[in-house]
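Just so you know, ligand 1 is whichever comes first in the structure, and atom 1 is the first atom listed for that ligand. We number each residue from 1, following the sequence as shown.
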Amino acid sequence: MTRELTFTKLKNLLKFSYVPYSKFPVSCIVTMKNGEEIAGVNVENASFPAGICAERSALPQVFALGFKKEDIVSISIMTSSKGFGSPCGICRQFISEMVDDSVKIEIFNINKHLGDYVIGDFLPFKFSSEELK
Ligand SMILES: [Zn+2]
């Protein structure tokens with residue numbers, strides 16, 4: 001998928017967000033090795049903590065559809081920000097366990113592509129299962 005196509009798909013996906021409170025839509029596409037794309041949007045709730053981010057609405061589907069984390073090629077995220085909207089702290093932790101360290105994380109805002117990263121750029125000292133041993 002070209003960057004331009006990813007941008008267009010993410011922007012179209014923003015309208016499916018459920019954001020009656022923040023009015024801040026976020027979209028996410030997880031691209032698999034077989035080319036399949038798994039979409040996610042943020043979904044809010046009147047009980048605010050019950051809402052979920054776009055990244056954490058997309059990534060669990062990877063497993064529900066029978067894929068493994070090794071099948072993930074990239075995660076593309078768009079916020080409705082005009083600035084640099086990056087994954088929140090909870091999503092950084094969640095992503096750190098759900099993808100390999102080398103998986104590309106593409107960040108977009110509503111105007112343009114802002115850069116390609118890996119999870120270590122956002123969360124250099126992740127809490128992992130190693131800490132539980
Ligand atoms: Zn988040």
**Message:** Between N42 and V26 (side chain of the first, backbone of the second, donor and acceptor by atom type, cut-off under 3.5 Å), is there such a pair?
**Reply:** yes

**Item:** F84 atom CZ, neighbour heavy-atom count above 12 within 6.0 Å
**Value:** yes

**Message:** Less than 2.8 Å away from the Zn ion (ligand 1), how many protein N/O/S atoms can be counted, ignoring water?
**Reply:** 3

**Prompt:** Counting distance only, does the side-chain N/O of S22 pair as donor-acceptor with the main-chain N or O of F24 below 3.5 Å?
**Reply:** yes

**Message:** List the residues meeting ring pair (Phe, Tyr, Trp, His ring centres under 6.0 Å) with F94, not counting sequence neighbours, and say none if there are none.
**Reply:** none

**Item:** Atom CD1 of I90 with >12 non-hydrogen neighbours under 6.0 angstrom
**Value:** no

**Asked** Can you tell me if CD on E36 sees more than 12 non-hydrogen neighbours from other groups inside 6.0 Å?
**Response** yes

